[in-house]
2 protein chains.
Amino acid sequence: MDSMDRSILKCLSENSRQSATEISQTVHLSVAAVIERIRKLERNGIIRQYTVVADQHKIGNDVTALMEVSLEHPKYYDEFTKVMHDNPSIVACDYLTGDYDFMLKIQTKSSETLEQLHRIIKSIKGVSNTKTYFVLKEIKCGTTAMAEAQ
Amino acid sequence: MDSMDRSILKCLSENSRQSATEISQTVHLSVAAVIERIRKLERNGIIRQYTVVADQHKIGNDVTALMEVSLEHPKYYDEFTKVMHDNPSIVACDYLTGDYDFMLKIQTKSSETLEQLHRIIKSIKGVSNTKTYFVLKEIKCGTTAMAEAQ
DNA sequence: CGTGAAATTATATAAGT
DNA sequence: ACTTATATAATTTCACG
């Protein structure tokens, strides 16, 4: 993971569908070398996934919400996190220090589907307390902090 | 935006670097048609960005935090959101209902760099109040809720 | 809108430095 | 590790249903 890898990763985080040929021009390396480095970043698990950022409203998700959730006891952790992974409307979930145990980010069709999801979450074994915030506007939504390659 | 578009978008959200040839096999459409639909999704702004999910620890970001921030007055909104966009350590920022105005997600090298960033944020004009939570574990981190194409 | 074939690019492989 | 050259595969363009 040297500065060349960081430059390549930065290119991919800005546009993961650009060709190795384009990347090779910005980082000044041969195409074959760029491809080999990308493969290594994938094998090492530095690149976990290639994905897209989609416009939520345009795909029919009009409601974004954050939800704080607490568990009665850590023994419920595994079952809870499984539900997080399995539910496609839950786009992010962090285990936290503080008053609540988890912070969830939810993207869903309407306040009605949010209410359904809220009921699902409250009925997960061990969930004791929740608090929901509506997102009025997503100012920024990324996944990866890519500092500049020095 | 029909069910075929949703299927293609789901493929890309799972792996944005897979070829149109592969996608054409899963969605049962010709390669040229898949490419044309992808271009249309891009032009319509349904696809906002192609990006990667990187392992934060492996790229040297050992600290993830959520920060709640309040502004004294909405007139500071534009300047605040500009800082959000410009700072690469701030990976997400939502404008919220509730006690605080914004929820930030921060990924940074160490608690020292978090402290520096905290100081930067507190010194933005209009920022009145902040509250920081440490993320102990990222259970899930995505950007896009992709419901199944019916 | 969709397909299929030809032309253009990109990627993968291998040999040499 | 990187480069160059070659082989394989993907994408783009376009004429046509």
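Below, all heavy atoms of this structure are taken into account, side chains as well, without hydrogens, waters or symmetry copies. Chain letters run A, B, ... following the sequence lines, proteins first, then strands; residues in each count from 1.
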Problem - Minimum-distance nucleotide (side-chain atoms of B/Thr21 versus C/dA10, D/dC2, D/dA10) - result: D/dA10

Exercise for the section: Check whether any side-chain N or O of B/Lys131 sits under 3.5 Å from a backbone N or O of B/Tyr100 as a donor-acceptor pair, and report yes or no. Expected result: no

Handout entry: B/Ile106 and its side chain to side chain contact (heavy atoms under 4.5 Å, CB included) partner, picked from B/Val91, B/Ile121, B/Leu66, B/Asn87
Key = B/Ile121

Fill in the blank from the handout: Once base and sugar-phosphate atoms are separated, protein heavy atoms under 4.0 Å mark nucleotides 12-17 of chain C, 5' to 3', with B, S and - as SB----

Exercise for the section: Nearest whole angstrom, please: distance from the C1' of D/dT13 to the CD1 of B/Ile38. Expected result: 16 Å

Practice task
Round to a whole Å and report the spacing from CZ of A/Arg17 to C1' of C/dT9.
Solution key: 14 Å

Practice task
Check every strand shown and say whether A/Ser30 touches a base, only sugar-phosphate, or nothing at a heavy-atom separation below 4.0 Å.
Solution key: base

Practice task
Determine the interplanar angle of the A/Phe102 and A/Phe80 rings, folded into 0 to 90°, and report it as parallel if under 30°, tilted if 30 to 60°, perpendicular if over 60°.
Solution key: tilted

Exercise for the section: Check for a donor-acceptor pair, side chain of A/Ser13 on one end and backbone N or O of B/Thr51 on the other, with a separation under 3.5 Å. Expected result: no

Exercise for the section: Identify, between A/Arg37 and B/Glu22, the residue whose nearest nucleotide on DNA chain D lies closer to the 5' end. Expected result: A/Arg37

Handout entry: A/Leu29 CG to C/dA10 P, straight-line distance once rounded to whole Å
Key = 17 Å

Handout entry: Rounded C1' spacing from C/dC1 to D/dC16 in Å
Key = 13 Å

Exercise for the section: Ignoring hydrogens and angles, state whether a donor on the side chain of B/Ser16 or A/Ser16 is under 3.5 Å from an acceptor on the partner side chain. Expected result: yes

Handout entry: Between C/dT11 (C1') and A/Leu12 (CG): distance, integer Å
Key = 14 Å

Exercise for the section: Go through the steps to decide whether B/Arg39 and B/Glu42 satisfy the test salt bridge (Lys or Arg N to Asp or Glu O under 4.0 Å), and finish with yes or no. Expected result: CA-CA 5 Å; B/Arg39 294 289 163 267; B/Glu42 291 165 352; 3.2 Å; yes

Completion exercise
Rounded to whole Å, the CD-P distance (A/Glu36 to C/dT11) equals 14 Å

Handout entry: B/Ser24 side chain to B/Val34 backbone, donor-acceptor under 3.5 Å
Key = no

Problem - Listed nucleotide nearest any side-chain atom of B/Ala20, set D/dT11, D/dA1, C/dG2 - result: D/dT11

Practice task
Take atom CG of B/Asp2 and atom P of C/dG2, then tell me their distance rounded to the nearest Å.
Solution key: 8 Å

Problem - Backbone N/O of B/Ser70 and side chain of B/Asn129: donor-acceptor pair under 3.5 Å - result: no

Fill in the blank from the handout: Within residues 40-54 of chain A, the residues having a heavy atom closer than 4.0 Å to DNA chain D are A/Lys40

Handout entry: Side-chain (B/Gln18) to main-chain (B/Cys11) donor-acceptor, under 3.5 angstrom
Key = yes

Handout entry: Pairing pattern in dot-bracket form [Watson-Crick, G-U; both distances under 3.5 Å; | = partner strand] for DNA chain C
Key = ..|||||||||||||||

Exercise for the section: Tell me yes or no: between the side chains of A/Glu68 and A/Tyr133, is some donor less than 3.5 Å from an acceptor? Expected result: yes

Handout entry: Whole-Å distance separating the NE2 atom of B/His28 from the C1' atom of C/dT3
Key = 17 Å

Problem - Donor-acceptor contact present, side-chain B/Glu22 to main-chain B/Ser19, <3.5 Å - result: yes

Exercise for the section: Indicate yes or no for a side-chain donor-acceptor contact from B/Gln49 to the backbone of A/Glu14 under 3.5 Å, with no hydrogens or angles considered. Expected result: yes

Problem - Between D/dT3 (C1') and A/Met4 (CE): distance, integer Å - result: 13 Å

